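Written below as structure tokens is the structure these notes are about.
We name chains A, B, ... by the order of the sequence lines, and we start the count at 1 in each one. The structure displayed is predicted, hence computed values, not measured ones.
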Number of protein chains: 2
Amino acid sequence: MSQTNEPREPWLAELIGEAADKRMTDKQIRILEASVELFAGKGYASASTSEIAAMAGVAEGTIFRHYKTKKELLLTIVRPAMIKLLAPFMLKEFKDVLSSSYSSYGDFLRALAANRIQFLDRNKRLVRILIQELPFHPELQQQFREHVFSRVIAQAEAIVIRFQQQGEIIPLPPATVLRLSASSLLGYAAARYIAQESASTKWNDERELSATIDFIVKGLRP
Amino acid sequence: MSQTNEPREPWLAELIGEAADKRMTDKQIRILEASVELFAGKGYASASTSEIAAMAGVAEGTIFRHYKTKKELLLTIVRPAMIKLLAPFMLKEFKDVLSSSYSSYGDFLRALAANRIQFLDRNKRLVRILIQELPFHPELQQQFREHVFSRVIAQAEAIVIRFQQQGEIIPLPPATVLRLSASSLLGYAAARYIAQESASTKWNDERELSATIDFIVKGLRP
DNA sequence: ATGAAAAATGAGTGATCACTTACTTTTTTT
DNA sequence: AAAAAAAGTAAGTGATCACTCATTTTTCAT
């Protein structure tokens, strides 16, 4: 009864393996996969190490051979995922948008949204863990602020300022413009997530995305 | 060393006391208050009954005299708070707005936001527990949908339709208009919460609220 | 093939978990 | 004031928790 299931989180092994700069055994990878599954499914506090070991098909001691504590197991997953996966992805288009391309703020938002949604779809479990555990782990909050939040804000503000100078966006504080744009897009993403979770047939994705972007662009027009 | 601290959650005793239709002892109230504090602070799963008893100044057995399980303790707090406090409050202005008053959608949003923000400020801990635990307790999800979400949606859609007929809002599906309005307001509330948590001096509340409402109204104009 | 290092194991460890029980104290009813 | 009922308690209960450790198995350079 040897289980050789394909990995549910393709990013995991590669990401953490290259971070540690040494190869991982099959069992180590299965421990991380089981952890992601259980942390996302029932929360870090409610997921026991014995459960993780059982799901990974591994003795409980094996977990602690590689990770000193349960919390270190969580951090081993979340920290590199945040720094090496989430942060670079969030900053993706931001670099080149300043130099060229994207004639309008709407075009920019559309390109941005498409990629971000794809990312969320592929990394649901990771995002769930992040959202659920961030309030309880100050180290994670600090790293999130430092490596994700502040960098994204800095880049995004520059873009907002550019479109403000072009006269396409009201001269509000860039942080305010960002908040309004981001909350609308996050609201779209959340509604999309809930709609597909409850298998609601009423969700017309393209229409909702268009409406959201039009809403933002119109709402920010001078 | 008898502690007669004033209650941190004034709604608690009254709400649950009248729900059970019988008076509560001082110790029962303190158990509920300690539970709210700890559930909000470290999460339901990480808050132990012994901790709750200690904070309430009560023997652990006393908790289980009144609540069969730890989960029943959670539900005793969250269920009536949702049904008797959150739902009625969310529906507050919605009734009379249809018959009269509120000449514009912007005026309506402003009145709405002011009350909702006040509510959030007063019930931070309750809202935290709700947000944190909703994903893990299907019974709570179902009750939230039934008593809060669906009712608010129904009322709010009627209002949106009224303003659409007056030609003040684009003829998008009411659910979409609602999503866009709600996500902007929630984004404002979230930013406000984070700003006051981190004691940031940069937050100009009135300006941010005005910008948010203007953004919504302009974004939804035909 | 051999031996040293790394990986993996499973039977523990004490601590803590939610919860129970036998009993005492307080409150209410008569 | 006596009796009954309700509230509260302290000392448990077995189960499970995160974690350890002595031992075995696997890997891999030589």
Side-chain angles (χ1 to χ4, degrees), chain A residues 1-4 13 16-17 20-39 41-78 129 133 136-137 139, chain B residues 1-4 13 16-17 20-39 41-78 129 133 136-137 139:
Chain A
M1 214 184 274
S2 72
Q3 65 228 62
T4 319
I16 291 158
D21 210 45
K22 58 181 173 185
R23 289 230 241 91
M24 307 179 73
T25 65
D26 179 57
K27 300 209 170 189
Q28 287 184 52
I29 294 172
R30 291 213 318 262
I31 289 171
L32 294 176
E33 285 170 354
S35 299
V36 169
E37 183 86 13
L38 286 168
F39 288 164
K42 45 166 52 190
Y44 168 77
S46 299
S48 71
T49 50
S50 66
E51 226 175 345
I52 293 170
M55 177 174 281
V58 151
E60 201 173 346
T62 308
I63 293 177
F64 291 96
R65 175 126 329 246
H66 299 289
Y67 310 99
K68 269 175 276 192
T69 64
K70 185 186 165 192
K71 181 147 192 175
E72 190 183 291
L73 177 55
L74 173 72
L75 295 180
T76 299
I77 292 168
V78 174
I129 294 175
E133 301 306 327
F136 301 123
H137 305 275
E139 333 85 292
Chain B
M1 212 181 277
S2 70
Q3 66 227 63
T4 318
I16 291 158
D21 210 45
K22 57 181 172 184
R23 290 228 244 90
M24 306 178 72
T25 66
D26 179 57
K27 300 208 170 188
Q28 287 183 54
I29 293 171
R30 290 212 321 260
I31 289 171
L32 294 176
E33 285 170 353
S35 299
V36 169
E37 184 87 12
L38 286 168
F39 287 164
K42 44 164 53 189
Y44 168 76
S46 299
S48 71
T49 50
S50 67
E51 228 174 343
I52 293 170
M55 177 175 282
V58 152
E60 202 173 345
T62 308
I63 293 176
F64 291 95
R65 174 132 325 250
H66 299 289
Y67 310 99
K68 269 174 276 191
T69 64
K70 185 186 163 191
K71 180 147 190 174
E72 189 183 292
L73 177 56
L74 173 72
L75 295 180
T76 299
I77 292 168
V78 176
I129 294 175
E133 300 306 327
F136 300 123
H137 305 275
E139 333 84 290

Can a side chain N or O of [X] be found less than 4.0 Å away from OP1 or OP2 on [N]?
X	N	result
B:K27	D:dT9	yes
A:T62	C:dA7	no
B:S48	C:dC17	yes
B:H66	D:dG8	yes
B:S50	C:dC17	yes

Spacing of [X] atom [atom1] relative to [N] atom [atom2], expressed in whole Å:
X	N	atom1	atom2	value
B:K71	C:dC19	NZ	C1'	17 Å
B:Y67	D:dG8	OH	C1'	14 Å
B:R30	D:dT9	CZ	C1'	14 Å
A:I31	D:dA18	CD1	P	14 Å
B:I29	D:dA7	CD1	C1'	14 Å
A:M24	D:dT27	CE	C1'	17 Å
A:L74	D:dA18	CG	P	13 Å
B:E60	C:dA15	CD	P	17 Å

What nucleotide among [options] has an atom nearest to a side-chain atom of [X]?
X	options	result
A:T69	D:dC19, C:dC19, C:dA8	D:dC19
A:K70	D:dC17, D:dC19, D:dG8	D:dC19
B:R65	D:dG8, C:dA18, C:dA8	D:dG8
B:T49	C:dA18, D:dC19, C:dA7	C:dA18
B:A59	C:dA8, D:dA10, D:dA18	D:dA10

Side-chain contact, heavy-atom cut-off 4.5 Å: A:Y67 with A:L74?
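Contact flag for A:Y67/A:L74 side chains = no.
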
Want to settle it: does A:F64 or B:I63 sit nearer the 5' end of DNA chain D, counting the closest nucleotide to each?
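It is B:I63, whose closest nucleotide lies nearer the 5' terminus.
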
Contact class for B:A45 (heavy atom, under 4.0 Å): base, sugar-phosphate, or nothing?
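Answer is nothing: B:A45 stays at 4.0 Å or more from every strand.
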
Mind checking if B:A53 touches a base, just sugar-phosphate, or nothing, with heavy atoms under 4.0 Å?
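Nothing, no nucleic acid heavy atom in range.
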
Between atom CG of A:L75 and atom CD of A:E139, what is the distance when rounded to the nearest 0.5 Å?
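Between A:L75 CG and A:E139 CD, I get 5.5 Å after rounding to 0.5 Å.
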
For the residue pair A:K71 and A:Y44, would you count it as a cation-pi contact if the rule is NZ or CZ under 6.0 angstrom from the ring centre and within 45 degrees of the ring axis?
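So A:K71 doesn't make the cation-pi contact.
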
Please report the closest heavy-atom contact between B:E72 and B:H66, naming both atoms and the distance.
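For B:E72 and B:H66, the tightest heavy-atom pair comes out as OE2-O, 3.9 Å.
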
Using every non-hydrogen atom in the two residues, find where B:A34 and B:I52 come nearest and quote the distance to one decimal.
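Closest approach of B:A34 to B:I52: CB-O, 3.7 Å.
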
Test item: side-chain donor near acceptor, A:E60 and A:S50, under 3.5 Å:
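Side chains of A:E60 and A:S50: no pair found under 3.5 Å.
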
